[in-house]
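Read the structure below first, then the notes.
This structure is a prediction, so every number in the text was calculated from the model and none was measured. Naming convention: chains lettered A, B, ... in sequence-line order (proteins, then strands); numbering from 1 in each chain.
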Amino acid sequence: MRELQAPKGVSEYFPPRSQYFEFVRETLIDSAKIAGYQLMELPVFEDTELFRRGVGESTDVVSKEMYTFEDRGGRSITLRPEGTAGVMRSVIEHNLDKLTLPIKVWYSGAYFRAERPQAGRYRQFYQVGIEAIGLDDPEIDFEVIAIADRAFKELGLKEYRLEITSLGDTKSRASHRKDLVAYISKLKLDEATSARAALNPLRLFDDKRSEIQEAMAGAPLLLDYLSEESSANFERVKDLLTEAKISFTINPRMVRGLDYYTGTAFEFVSEKLGAQSGIGGGGRYDGLMAELGGNELSGIGFGLGVDRILLACEAEGIFDSAINRSDLDLFLVALTSGEKSFVSNLLNSLRNQGISCDMAYGDRALKGAMKSADKSGAKFSAVIGADEIKSGNLSLKDMKTGEIKEVRITALSDEFNAN
RNA sequence: GUGGUCGUAGCUCAGCUGGUAGAGCACUCGGUUGUGGUCCGAGAUGUCGCGGGUUCGAGCCCCGUCGAUCACCCCA
């Protein structure tokens with residue numbers, strides 16, 4: 001074991017793979033931005049109470065997966081396990097709900113859950129999320145789903161599916177729950193499972209064990225209990241998705257892990273990942289704002305798992321053809337150490353003019369320096385020796401074609417700005 | 001939190017029934033005068049995850065531990 005190593009279960013991204021991570025994250029964010037969502041930058045830690053009330057005591061996330069500690073002032077602090085609760089807190093705290101509605105925000109960052117690590121499941125993971133608050137309308141439900149779907153298509157993902165359902169309103173949920181509990185009480189379950197069912201009977205729908213799935217086959221479905229309004233909303237969302245040619249399947253057994261969801265709920269699942277195949281999910285939450293002490297505003301949002309989406313992209317071979325994503329225009333090589341300060345200055349002045357360029361550092365032989373030029377992925381390279389400095393001309397080499405053309409050193413910036 | 005598998009050079013891995021380590025890739029240098037990507041040659045590299053035990057002797061066996069991985073639970 002190394003003396004120092006990263007804590008268990010964290011994901012890290014470094015070159016060259018970090019460029020794909022960045023690409024994925026930026027693509028997800030762009031999809032939200034072009035729909036009018038604005039940045040919300042929030043703390044990674046919050047008062048523990050926020051998640052207890054916001055996410056729900058009955059959830060596994062709160063009951064056993066939070067990183068909670070006491071700070072120096074004796075306050076109970078928790079590393080955010082998800083993003084929505086923090087957004088709500090901030091909206092309420094800064095009275096954003098008094099402004100024009102809906103509030104449409106996006107956010108991105110690290111989240112923390114103390115789970116056993118697994119492929120696609122990390123203790124620190126990254127999400128891009130959006131929330132549209134203060135509007136209860138199928139149109140906005142559709143918009144939120146479409147933003148996620150557009151992001152995935154933009155990335156080039158094909159092997160994924162969208163599952164949707166409606167979790168109904170408070171009344172429909174209550175009557176369904178009553179029947180479901182009655183149904184479950186007749187089943188023979190082991191201790192752990194019935195304890196889980198007692199906390200949230202819906203969980204049993206999600207159990208992967210075949211005996212449980214068989215036992216649940218005849219269980220009453222929430223979709224059959226929807227109120228007229230919920231049902232009409234759900235129909236409208238489905239129609240909009242169909243019109244937009246966003247394919248989906250209805251999964252009446254879908255369960256969301258956090259307690260606050262109501263109404264439209266959805267999940268994007270990659271076909272190319274293992275057990276942790278959910279690449280994004282979200283839904284509507286009616287009672288959350290009020291629960292946290294704010295106005296009775298409804299909202300909808302999603303969280304997209306950047307780590308898993310990156311994994312899915314790789315599994316689909318999306319980056320195979322992207323051989324070179326380097327941003328460098330030019331790579332300079334000093335022939336001998338005598339030209340290094342000249343090159344260094346030239347480099348600096350080119351950068352001042354907005355040209356992305358780099359140079360071979362250290363005392364490497366020309367062959368080695370050219371190798372680093374190659375590896376840098378720069379579009380052009382140039383060797384600078386005493387001759388070039390004297391004449392003021394250099395040979396600009398196109399690294400792809402090998403073509404060389406003479407350029408005045410003073411005209412270098414024009415050469416690149418023209419492109 | 002539960003269970004399975006695994007942990008050898010920077011990376012991917014080989015190492016027979018225990019005798020103190022190897023390959024490919026990558027890396028560095030070179031193949032005569034200042035141009036990379038192919039080819040050829042040379043070179044460097046490891047406390048075999050860590051700790052303990054068994055043994056004359058362990059990378060290979062046993063125990064523990066840390067980590068990874070896969071599944072359950074749960075979820076992004």
Side-chain angles (χ1 to χ4, degrees), chain A residues 1-11 16 28 55 59-65 81-84 108-129 148 190 192-193 195-196 199-200 203-204 206-210 212 254-258 267-270 273-282 302-312 323-324 331-336 339 360 362-378 380-388 394-404:
Chain A
M1 182 178 58
R2 304 275 167 102
E3 211 180 327
L4 252 23
Q5 58 185 334
K8 184 189 180 98
V10 301
S11 61
L28 301 177
V55 178
T59 63
D60 281 32
V61 169
V62 169
S63 62
K64 54 187 194 194
E65 294 170 0
E82 59 93 56
T84 305
S108 148
Y111 296 84
F112 309 85
R113 254 117 96 161
E115 300 179 276
R116 184 82 165 253
Q118 192 179 333
R121 189 172 73 182
Y122 307 102
R123 292 187 165 185
Q124 174 173 331
F125 57 98
Y126 297 87
Q127 273 188 208
V128 168
D190 60 89
T193 309
R196 204 143 30 90
L199 271 175
N200 183 351
R203 287 288 161 73
L204 292 201
D206 223 14
D207 202 303
K208 285 178 187 172
R209 290 169 296 181
S210 55
I212 303 291
M254 190 167 93
V255 181
R256 303 262 62 224
L258 314 179
E267 217 167 76
F268 286 88
V269 181
S270 167
L273 299 181
Q276 308 307 323
S277 57
I279 54 176
F302 65 54
L304 307 180
V306 184
D307 312 82
R308 287 182 187 177
I309 294 167
L310 173 60
L311 253 21
I323 301 151
N324 173 27
F331 195 92
L332 295 175
V333 173
L335 187 59
T336 73
E339 292 84 33
D363 291 309
R364 309 192 58 188
L366 183 59
K367 181 169 179 170
M370 284 306 294
K371 269 194 163 182
S372 43
D374 188 32
K375 252 168 279 174
S376 78
F380 293 90
S381 73
V383 175
I384 293 179
D387 294 354
E388 281 77 10
L394 52 66
S395 303
L396 199 58
K397 179 169 187 174
D398 185 318
M399 293 301 278
K400 218 164 209 165
T401 63
E403 281 170 48
I404 286 176

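Pairing each heavy atom of A:Val10 with each of A:Tyr122, the nearest pair is C-CD2, 4.4 Å. Heavy atoms only, all atoms of each residue included: A:Met399 and A:Ser381 are closest at SD-OG, 3.2 Å. Contact detail for A:Ile279 and A:Ser270: the closest heavy-atom pair is CG2-CB, 3.9 Å. The minimum heavy-atom distance linking A:Phe125 with A:Pro81 is given by the pair CZ-O, 3.9 Å. The shortest non-hydrogen separation linking A:Tyr126 to A:Asp307 is N-OD1, 2.7 Å.
Going from atom CZ of A:Phe331 over to atom P of B:G37 covers 14 Å, rounded to whole Å. Taking atom CZ of A:Arg209 as the reference point, atom C1' of B:A71 lies 13 Å away to the nearest angstrom. Whole-Å rounding puts the A:Arg113 CZ to B:C73 P distance at 16 Å. When rounded to the nearest whole Å, the span between CG of A:Asp60 and P of B:C73 equals 11 Å. Taking atom OH of residue A:Tyr122 and atom P of nucleotide B:C75, one finds them 19 Å apart after rounding to whole Å. One can place CG of A:Leu311 at 11 Å from C1' of B:A76, the figure rounded to the nearest angstrom. For A:Gln118 and B:C73, the CD to P distance is 10 Å, given to the nearest whole Å. Atom NZ of A:Lys371 and atom P of B:C25 are 12 Å apart (whole Å).
Between A:Arg209 and A:Thr193 there is a side-chain heavy-atom pair separated by less than 4.5 Å. Put simply, the side chain of A:Asp207 reaches to within 4.5 Å of the side chain of A:Arg196, judged on heavy atoms.
Nucleotides B:G64 and B:G4, compared at atom P, are 12 Å apart to the nearest Å. Taking the P atom of each, B:C75 and B:G10 are spaced 40 Å apart, rounded to whole Å. Remark: the separation of the P atoms in B:A23 and B:G41 is 14 Å, to the nearest Å. Spacing between B:G19 and B:A58 at atom C1', rounded to whole Å, works out to 9 Å. Using atom C1' as the reference point in both B:U32 and B:C11, the two lie 35 Å apart (nearest Å). Taking the P atom of each, B:U8 and B:C50 are spaced 10 Å apart, rounded to whole Å. Taking atom P on both B:A9 and B:C60, the two are 14 Å apart, rounded to the nearest angstrom. Going from the C1' atom of B:C48 to that of B:U20 covers 11 Å, rounded to whole Å.
Applying the side-chain hydrogen bond (donor to acceptor under 3.5 Å, both in side chains) rule to A:Ser395 yields the partners A:Glu406; only residues at least two apart in sequence or on another chain are considered. With sequence neighbours left out, the side-chain hydrogen bond (donor to acceptor under 3.5 Å, both in side chains) criterion links A:Glu339 to A:Thr336.
Along RNA chain B, the nucleotide closest to A:Lys64 and the one closest to A:Phe268 are compared, and the more 5′ of them pairs with A:Lys64. Toward the 5′ end of RNA chain B lies the nearest nucleotide of A:Ala119, the other residue of the pair A:Val255 and A:Ala119 mapping further downstream.
At a cut-off of 3.5 angstrom, the base of B:C75 holds at least one donor-acceptor pair with the side chain of A:Arg308. On a pure distance criterion of 3.5 Å, a polar donor-acceptor pair joins the side chain of A:Glu115 and the base of B:A76. In the interface, the side chain of A:Asp374 is not paired with the base of B:G37 through any donor and acceptor atom under 3.5 Å apart.
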Assign a letter to each nucleotide of nucleotides 2-8 of chain B from its 5' end: B, base within under 4.0 Å of a protein heavy atom; S, sugar-phosphate only; -, no contact. BB-----
Which letter, B, S or -, goes with each nucleotide of nucleotides 30-35 of chain B from 5' to 3', with contact meaning a protein heavy atom under 4.0 Å? BB--BB
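Stacking of the aromatic ring of A:Phe125 onto the base of B:A76 is found: the ring centres lie under 5.5 Å apart and the planes are inclined by under 30°.
For the atom pair CZ (A:Phe268) and CD1 (A:Ile309), the distance works out to 9.5 Å, reported to the nearest 0.5 Å. Rounding to the nearest 0.5 angstrom, the gap separating the CE atom in A:Met370 from the OG atom in A:Ser376 is 9.5 Å. Rounding to the nearest 0.5 angstrom, the gap separating the OG1 atom in A:Thr59 from the NZ atom in A:Lys64 is 10.0 Å.
A salt bridge between A:Arg113 and A:Glu82 is absent, with no side-chain N of the basic residue lying under 4.0 Å from a carboxylate O of the acidic one.
With a cut-off of 3.5 Å on both pairing distances, the Watson-Crick and G-U wobble pairs of RNA chain B assemble into stems of 3 or more at B:1-7 with B:66-72, B:10-13 with B:22-25, B:27-31 with B:39-43, B:49-53 with B:61-65.
Between B:C72 and A:Lys208, a contact under 4.0 Å exists linking OP1 or OP2 to a side-chain N or O. Residue A:Arg121 places none of its side-chain N or O atoms closer than 4.0 Å to OP1 or OP2 of B:C70. Contact annotation: A:Arg364 side-chain N/O to B:U28 OP1/OP2 distance is under 4.0 Å.
Nearest nucleotide to the A:Lys8 side chain, out of B:A71, B:C75, B:A68: B:A68. Comparing B:A76, B:C74, B:U28 by their closest approach to the side chain of A:Lys375 singles out B:U28.
At a threshold of 4.0 angstrom between heavy atoms, the contacts of A:Gly9 are confined to the sugar-phosphate backbone, with no base atom among them. Among the heavy atoms of the strands lying under 4.0 Å from A:Glu65 are primed sugar atoms or P, OP1, OP2 only; no base atom is included. If you check every strand for non-hydrogen atoms under 4.0 Å, A:Gly274 touches sugar and phosphate atoms only.
Within the structure, salt bridge (charged side-chain N to carboxylate O under 4.0 Å, His left out) pairs that include any residue of residues 115-129 of chain A comprise A:Glu115-A:Arg121 (at least two apart or interchain).
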